[in-house]
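So that the names make sense, note that chain A is the first sequence line, chain B the second, and so on, each numbered from 1.
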Amino acid sequence: MGSDESKTDGMDFIRQIVADDLASGKHDTVVTRFPPEPNGYLHIGHAKSIVLNFGIAQEIPGGRCHLRFDDSNPETEDMEYVEAIQRDVRWLGFDWGRHLYFASDYFEKLYGFAISLIEIGKAYVCSLSEEEIRSHRGTVTQPGTDSPYRDRTVEENLDLFRRMRGGEFTDGEHVLRARIDMAASNMKMRDPLLYRIRHAPHYRTGDAWCIYPMYDFVHCLSDALEGISHSICTLEFENNRELYDWIIDNVPAPSKPRQYEFARLNLNYTVMSKRKLVELVEGGHVSGWDDPRLPTIAGLRRRGCTPESIRKFCDRIGVAKANSVVDVALLEHSIRDDLNTKAPRVMAVLDPLKVVIVNYPEGQVEELDAPYFPDDPPRMGTRRVPFSRELFIERGDFMEDPPKKFFRLGPGREVRLRWAYFITCVDVKKDERGNIVEVHCRYDPQTRGGDAPDGRRVKGTIHWVSAAHALTAEVRLYDRLFDDPTPDGGKEADFIRHLNPHSLDTADARVEPSLRDALPGDRFQFERTGYFIADAMDHTASRPVFNRIVPLRDSWAKIAGKK
RNA sequence: UGGGGCGUCGACAAAUGGUAAGUCACGGGACUUUGGAUCCCGCAUCUGUAGGUUCGAAUCCUACCGCCCCAGCCA
């Protein structure tokens, strides 16, 4: 580490606050938490928060990060989600150790805090209907009006609240509210609801409760109970901070955590809101929560992204307070950047075109050596690739009437077959409709391995497989789910109509036989094409299935696209 | 026309009054048995706008403009 680097170099504003608090002695260490509600799957926006919270805890001696399920709404939460969330956080590479918590475990303590608030006259049972409460709240420009139940006596409130817990009332009959100020300019402070009656079984507490605390009451006190030092959340909770502090200050809380807010992650060409993700899954527009086109952690994992690349991506985007939209190209870059050093190279032809080497002996087969890591051959050694008279090359690597800058195969042109021979196209066979069905070439036996003893060079090198030896594999070519950078542009626009019809194209590819040994989850670079992973669910030795994680940068496509 | 936030390169994002980092994208070049990777070079005389303070302002002051959040018994 450069000693001339300033201490705060590379620190985001939250890390600076933490550093300041440590320096001033306000805290001895840091305790953060990641507090998902178990009512949906995690997405890459959550990854930003996870990387931030767990990351800070890792950086500070003695620091820790809790995983806490914020489960105070019995109607939407489920064990399925808590398991999925734990799996995702672990996969991302983080460990909460023994610090796994559930807000539902605090229900009894929370109830006690509510009682204490009632006892000092700072909370009351309100018996207005839902609609009445809404109308009494006023608007952003007009103050609200006091509830007629606002001045109930402490005894009456205590009695009513206990009976609420006891199940004497129906849903919506009463609520517990904080007694703050119905004219507050901050809407969140207009006597916010603390508890509501819900005769619904909770996935963890069963039917032990029929009253459930609201987010604002649960969150700050859960933080306080766990001794959280820095409670980091997203921008939309800025207005809630005043209430967060008010509750902590008016209850015998064991500690006083501070809340800090940062901007949530937005990515172009996708949607991130839970509601829209649910719509995609339930509407059958994708195959499930782990569809490789989704920005969910499960989807990214199935797609083949490495956890390292996602962590790196989160580091690169930074943490700040300005609403922003990150270019998905940065995510793709992070993925390539990571896989470039990890994925062994192999050859696969996605859109096969037959090539006959007319001067190659019929029936002859050669085993050619090809390194898995051409830039670092010793790393993984080589595999044998069979070469024979009939091959497949990529249809896009041949043009009957190629432009000047096209460095691949064309009539009379010579190219190198990767790790094999130089070949020159001598003939083109077409069907009755004029489609090219076969290309005839001559090979130069002197160029075995890909080098010409006479020193002559070729401009292009293309990949290939031996027709008789290649394996057929299903290749799933994933692309952006939406063809519009802001599919939910504006507000509640119909994002479904911006679905990219080519977000999943399937191809029957021919892949080199060494891939027979690929195991589900193995990643490769199919040379000149992209990074692929043997699908975790569907890949088998007899029926190989590869997902495209991300294509390679393609400068020819760029040149061709300009014309 | 209440309150809370935020505006720095096409996209993120540093700079903490001392003369606009870095990354992605983009353009150009070198190298290359992947048109990949790698390596060079270029890319904000300027920080939403207009004034002011100061020797000096993205940073301080004033006014204005724009965008986001808050009126769930969701979180």
Does U34(B) have OP1 or OP2 under 4.0 Å away from a side-chain N or O of T529(A)? no
Looking at the rings of F69(A) and F102(A), which for Trp means the six-membered one, are their centres under 6.0 Å apart? yes
Tell me, please, which residues at least two apart from R165(A) pass salt bridge (charged side-chain N to carboxylate O under 4.0 Å, His left out). E108(A)
Ignoring hydrogens and geometry beyond distance, is the side chain of D375(A) in donor-acceptor contact with the base of G36(B) at under 3.5 Å? yes
Taking all atoms of both residues into account, what is the closest heavy-atom pair of A348(A) and H463(A), and its distance? O-CD2, 3.1 Å
Atom CZ of F262(A) and atom CZ of F237(A): how far apart are they, to the nearest 0.5 Å? 10.5 Å
Please work out if F13(A) contacts a base, only the sugar-phosphate, or nothing of the nucleic acid, heavy-atom cut-off 4.0 Å. nothing
Which part of the nucleic acid, if any, lies within contact of V325(A), taking any heavy atom under 4.0 Å across all strands shown: a base, the sugar-phosphate backbone alone, or nothing? sugar-phosphate
For residues 320-330 of chain A, tabulate all N or O donor-acceptor pairs below 3.5 Å that involve a side-chain atom, not counting sequence neighbours.
unit_1, atom_1, unit_2, atom_2, d
K321(A), NZ, E238(A), OE2, 2.7
D327(A), OD1, A329(A), N, 2.9

Taking only nitrogen or oxygen atoms into account, show me every contact under 3.5 Å that the protein makes with nucleotides 46-48 of chain B, one pair per line with its distance.
none

Is it true that the side chains of R33(A) and H219(A) contain a donor and an acceptor less than 3.5 Å apart? yes
Could you spell out the base pairing of RNA chain B as a dot-bracket line? Use Watson-Crick and G-U wobble contacts where both distances are under 3.5 Å, [ ] for crossing pairs, | for partners on a different strand. .((((((..(((.....[...))).(((((.......))))).....(((((..]....))))))))))).....
Note: P551(A) and R336(A) closest approach over all heavy atoms is O-NE, 2.7 Å
Could you tell me whether the phosphate oxygens of C6(B), OP1 or OP2, come under 4.0 Å of any side-chain nitrogen or oxygen in R264(A)? no
Is any side-chain N or O of R134(A) under 3.5 Å from a base N or O of G72(B), one able to act as donor and the other as acceptor? no
Can you tell if the side chain of S147(A) reaches within under 4.5 Å of the side chain of Y124(A), non-hydrogen atoms only? yes
Of all residues at least two apart in sequence or in a different chain, which pass the ring-ring contact (aromatic ring centres under 6.0 Å, His included) check with Y244(A)? none
Got a list of protein N/O to nucleotides 21-32 of chain B N/O distances below 3.5 Å?
unit_1, atom_1, unit_2, atom_2, d
C26(B), OP1, K558(A), NZ, 3.0

Note: D171(A) and H199(A) closest approach over all heavy atoms is OD1-N, 2.8 Å
Ring centroid separation Y41(A) to Y81(A) under 6.0 Å: yes
